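See below for the structure under consideration.
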Amino acid sequence: MYELDYTKMGARICQIRKLKGMSQIELAKKCGISLSFMGHIERGTKKMSMDTFAVLCRELAADADGLLWGVAQPSDAAIQGMWSRGQRDDNSYSMYIRIMKSVAEIMNEAED
């Protein structure tokens with residue numbers, strides 16, 4: 001089982017915030033939390049609720065896996081974009097998605 005590293009997660013939140021050109025106070029206001037608590041989140045010294053985490057993901061337009069573990073999962077839209085470069089039908093695309101998700105699950109189980 002994976003254990004969250006709140007310090008690393010906070011650093012990733014801070015990095016993405018800065019890449020988006022947002023200040024801590026701006027992100028805190030958008031998330032409905034205090035500047036002090038935002039600082040604690042970015043330093044990894046306090047845990048946030050799932051509600052706050054979900055709002056952070058939305059406001060940063062960030063993938064939850066990317067913030068939690070540092071590994072972004074491609075969205076179905078991104079996969080569809082890669083797939084559409086060729087002449088493929090919907091049935092083969094669906095099969096491709098099932099195969100890729102199965103491979104990802106197998107790889108995740110191997111890491112446990």
Side-chain angles (χ1 to χ4, degrees):
M1 183 169 182
Y2 296 110
E3 190 169 321
L4 285 175
D5 185 328
Y6 290 94
T7 302
K8 287 181 181 177
M9 182 172 52
R12 286 189 286 269
I13 290 167
C14 179
Q15 180 183 28
I16 293 169
R17 174 184 58 77
K18 288 178 179 179
L19 285 172
K20 304 259 182 198
M22 296 173 75
S23 67
Q24 250 188 357
I25 189 76
E26 182 181 0
L27 183 56
K29 284 181 181 179
K30 288 183 176 195
C31 293
I33 59 175
S34 70
L35 175 59
S36 174
F37 189 52
M38 186 76 240
H40 280 289
I41 290 170
E42 289 190 358
R43 288 187 302 278
T45 54
K46 287 195 177 179
K47 297 178 183 178
M48 67 189 111
S49 69
M50 284 296 287
D51 289 338
T52 299
F53 180 71
V55 173
L56 269 170
C57 288
R58 185 187 69 223
E59 293 301 329
L60 293 172
D63 178 68
D65 283 334
L67 291 182
L68 291 170
W69 312 110
V71 179
Q73 299 292 325
S75 66
D76 283 346
I79 295 170
Q80 179 70 41
M82 290 185 291
W83 190 256
S84 66
R85 290 186 184 115
Q87 299 290 326
R88 311 290 192 302
D89 62 27
D90 287 339
N91 288 333
S92 62
Y93 171 74
S94 296
M95 184 185 314
Y96 173 76
I97 294 298
R98 286 194 309 273
I99 291 168
M100 294 311 296
K101 286 182 178 180
S102 296
V103 168
E105 288 174 13
I106 291 167
M107 291 175 69
N108 286 335
E109 288 174 5
E111 291 176 359
D112 289 339

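No hydrogens, no waters, no symmetry mates; every other heavy atom, side chains included, goes into these values. Because the structure is a prediction, the values reported are computed rather than measured.
Nearest heavy-atom pair, Trp69 versus Glu3, reported as atom, atom and distance to 0.1 Å: CZ3-O, 3.9 Å.
Between Lys20 and Glu26, the closest side-chain pair of non-hydrogen atoms is not below 4.5 Å.
With sequence neighbours excluded, the residues satisfying side-chain contact (heavy atoms from CB on, under 4.5 Å) with Thr7 are Asp5. In this structure Arg17 satisfies the salt bridge (Lys or Arg N to Asp or Glu O under 4.0 Å) test together with Glu42, sequence neighbours excluded. Listed by chain and number, the residues in a side-chain contact (heavy atoms from CB on, under 4.5 Å) with Ala11 amount to none (sequence neighbours excluded). In this structure, the side-chain contact (heavy atoms from CB on, under 4.5 Å) partners of Lys29, at least two apart in sequence or on a different chain, are Ile25. The side-chain contact (heavy atoms from CB on, under 4.5 Å) test applied to Lys47 returns Tyr6, not counting sequence neighbours.
Taking CD1 from Ile16 and CG from Leu67, the interatomic distance works out to 4.5 Å, rounded to the nearest 0.5 Å. Going from atom CZ of Arg43 over to atom SG of Cys14 covers 10.5 Å, rounded to the nearest 0.5 Å. Once rounded to the nearest 0.5 Å, the distance linking CD1 of Ile13 with CG of Leu60 reads 7.0 Å.
The cluster map of Ile, Leu, Val, Met, Phe, Trp and Tyr, joined by side-chain heavy atoms under 4.5 Å apart, puts Leu4 and Val55 in different clusters. Cluster membership for Leu68 and Leu56, using ILVMFWY side-chain heavy atoms within less than 4.5 angstrom, is shared.
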Can I get a per-line list of side-chain donor-acceptor pairs under 3.5 Å for residues 30-39, giving both atom names and the distance, sequence neighbours left out?
| unit_1 | atom_1 | unit_2 | atom_2 | d |
| --- | --- | --- | --- | --- |
| Ser34 | OG | Phe37 | N | 3.0 |

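Sorted by first and then second residue, the pairs that involve residues 48-61 and meet side chain to side chain donor-acceptor pair (under 3.5 Å), not counting sequence neighbours, are Ser49-Thr52. Pairs of residues two or more places apart, or lying in two chains, never qualify as salt bridge (Lys or Arg N to Asp or Glu O under 4.0 Å) while including a residue from residues 7-16.
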